[in-house]
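For reference, the structure is listed below as structure tokens.
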Amino acid sequence: MSDFWKNKQVWITGASSGIGEALVKQLAQKGANTILSSRNGEKLIALKNTLPNANQHSIIELDVSDERSINEALARNKDLVDRVDVLINNAGISQRALTWEASRESERQIMETNFFGATALTKAVLLSMMKRNAGSIISLSSPAGAFGFPLRSSYSASKHALHGYFDSLRAELDAAGINIHVMLVLPGRVRTNMSFNALKQDGSKHANNDHRLASGLSPEQCAKGIIKAAEKRKAEIYFGREQILIYIKRYLPSLFRSIVTKFKPD
Ligand SMILES: NC(=O)c1ccc[n+]([C@@H]2O[C@H](COP(=O)([O-])OP(=O)(O)OC[C@H]3O[C@@H](n4cnc5c(N)ncnc54)[C@H](OP(=O)(O)O)[C@@H]3O)[C@@H](O)[C@H]2O)c1
């Protein structure tokens with residue numbers, strides 16, 4: 001086993017469930033010191049207690065959609081945050097609402113969580129990474145970050161925004177000769193609680209596990225792919241069957257539009 005992750009401080013948001021939880025378990029097995037974040041402190045403590053060398057792992061409970069919660073968490077954990085080697089912006093919420101029915105509040109909640117949360121934490125770790133001329137910032141996008149489709153307008157917008165932001169940041173760092181790795185991850189369907197937690201038009205939970213998600217990758221497969229790609233310092237990675245649509249949109253845009261118009265999401 002390579003010692004790539006050994007003693008690295010890896011901060012994973014959305015660690016209480018799904019892909020984030022699988023990342024925490026695998027990275028801890030590889031010798032990383034993980035920092036677990038989400039809004040649910042009890043779940044994070046329970047997960048931390050199952051990890052090898054539990055006392056080498058830490059918890060930062062925070063709500064990434066709330067600037068005040070982020071700032072309080074950063075102030076409480078400054079020393080820990082300054083030592084982060086890898087940030088994985090994984091916390092996110094999806095959507096199940098037609099654009100003309102979605103409340104502004106539900107749209108803002110999605111943007112605050114998926115975009116502003118990720119960028120706030122990135123700015124919190126960036127300067128110390130720049131001083132050390134080392135680090136990695138990984139963000140979970142989605143195929144919805146490469147194309148829009150029904151019932152996902154704000155979700156898709158939030159993931160597109162991550163691409164604009166992190167592609168720009170990568171270019172700035174490269175131009176300045178700074179050795180920080182920036183990666184975007186576009187997994188197709190992964191069998192998690194994402195559809196259950198997705199927001200309906202009024203901002204309440206969809207509270208339904210979409211049947212299509214059941215045919216997706218396991219969170220463990222997805223986490224394994226992310227870890228491997230991080231070791232190789234990839235800029236962008238795709239997983240799953242849905243990636244074919246990214247290429248169809250790029251090379252056959254009118255075919256893409258006819259497919260997506262007929263697309264019947266759960
Ligand atoms: N599953 C898929 O098919 C799929 C496909 C493409 C991309 N993704 C992306 O993968 C990432 C992980 O999703 P998942 O599938 O693992 O979903 P999940 O099982 O619903 O997990 C979402 C995680 O995000 C956390 N979270 C949500 N809102 C938060 C907030 N305001 N503050 C802090 N933490 C928050 C949740 O923790 P608490 O509720 O405990 O706060 C939970 O740990 C997301 O960015 C998602 O967009 C998923």
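Hydrogens, waters and symmetry mates are skipped; everything else that's a heavy atom, side chains included, is used. Counting starts at 1 for both ligands and their atoms, in listed order. As the structure is a prediction and not an experimental result, all values here were calculated from the model.
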Practice prompt. Quick one: look up the protein heavy atom nearest atom 23 (C) of ligand 1 and list residue, atom name and how far away it is.
Written response: G14 CA, 3.6 Å

Item to complete: Please confirm whether N197 comes under 4.0 Å of ligand 1, counting heavy atoms of the residue only.
Response: yes

Worksheet entry | Separation between NZ of K224 and CG of L23, rounded to the nearest 0.5 Å | 13.5 Å

Worksheet item: Starting from atom 27 (C) of ligand 1, which protein heavy atom do you reach first, and at what distance in Å?
Response: R39 NH2, 3.5 Å

Discussion item. Apply side chain to side chain donor-acceptor pair (under 3.5 Å) to residues S69 and D63 and explain how you reach the verdict.
Written reply: CA-CA 6 Å; S69 166; D63 180 343; 5.7 Å; no

Practice prompt. Using a strict cut-off of 4.0 Å, indicate which atoms of ligand 1 neighbour a heavy atom of S65.
Written response: 31 (N)

Discussion item. Between E107 and R104 (salt bridge meaning N to carboxylate O under 4.0 Å), is one present in this structure?
Written reply: yes

Worksheet entry | E105, CD atom: more than 12 neighbouring heavy atoms under 6.0 Å | no

Fill in: Salt-bridge contact R39-E61 (side-chain N to carboxylate O under 4.0 Å)
no

Worksheet entry | Atom pair OG (S38) and CG (L47), whose distance is rounded to the nearest 0.5 Å | 9.5 Å

Practice prompt. Could you please spell out the steps behind the side-chain contact (heavy atoms from CB on, under 4.5 Å) verdict for Y247 and Y238?
Written response: CA-CA 11 Å; Y247 296 102; Y238 307 150; 3.4 Å; yes

Discussion item. Check contact between K43 and ligand 1, using heavy atoms of the residue and a distance below 4.0 angstrom.
Written reply: no

Fill in: Any N or O of K159 closer than 3.5 Å to N or O of ligand 1
yes

Worksheet item: Should the proximity of Y155 to ligand 1, defined as any heavy atom under 4.0 Å, be assigned to the side chain, the backbone, both, or neither?
Response: side chain

Discussion item. Can you tell me if R108 has over 12 outside heavy atoms packed within less than 6.0 Å of its CZ?
Written reply: no

Discussion item. Taking R212's backbone N and O only, do any of them form a donor-acceptor pair with D210's side chain (distance below 3.5 Å, no angle check)?
Written reply: no

Worksheet item: ligand 1 and N90, any nitrogen or oxygen pair closer than 3.5 angstrom?
Response: yes

Discussion item. Regarding ligand 1, does P187 bring an N or O atom to under 3.5 Å of one of the ligand's N or O atoms?
Written reply: no

Worksheet entry | Atom pair CG/OG of N114 and S154 - distance to nearest 0.5 Å | 10.0 Å

Discussion item. Under 6.0 Å from the ring centre and within 45 degrees of the ring axis: does the NZ or CZ of K8 meet both conditions for the six-membered ring of F4?
Written reply: yes

Worksheet, complete the sentence: Ranked by distance from atom 31 (N) of ligand 1, the top protein heavy atom is D63 OD1, 2.8 Å

Item to complete: Enumerate the atoms of ligand 1 whose separation from the nearest heavy atom of R189 is less than 4.0 angstrom.
Response: 3 (O)

Response to the item:
Heavy-atom proximity to atom 1 (N) of ligand 1 ranks first, among N193, T192, L213, L44, for T192

Worksheet item: Side chain, backbone, both or neither: which part of S141 comes within less than 4.0 Å of ligand 1 when only heavy atoms are counted?
Response: backbone

Practice prompt. Closest by any non-hydrogen atom to atom 22 (C) of ligand 1: pick that one out of G92, S94, A91, G18.
Written response: G92

Discussion item. List ligand 1 atoms under 4.0 Å from N40, heavy atoms only on the residue side.
Written reply: 40 (O)

Worksheet entry | Best match, S17, P143, S16: closest heavy atom to atom 19 (O) of ligand 1 | S17

Worksheet item: Which residue holds the protein heavy atom closest to atom 48 (C) of ligand 1, what is that atom called, and what is the gap in Å?
Response: M194 SD, 3.3 Å

Worksheet item: Could an N or O of ligand 1 be found under 3.5 Å from any N or O of I19, whether backbone or side chain?
Response: yes

Item to complete: Could you tell me whether R170 and D174 make a salt bridge, using a distance below 4.0 angstrom between a side-chain N and a carboxylate O?
Response: no

Discussion item. Does the residue G188 have a heavy-atom contact with ligand 1, meaning some pair of atoms that are separated by less than 4.0 Å?
Written reply: yes

Discussion item. Can you tell me if L62 contacts ligand 1 (heavy atom of the residue under 4.0 Å from the ligand)?
Written reply: yes

Fill in: Nearest-neighbour protein heavy atom for atom 32 (N) of ligand 1, which is reported as residue plus atom name and distance
V64 N, 2.9 Å

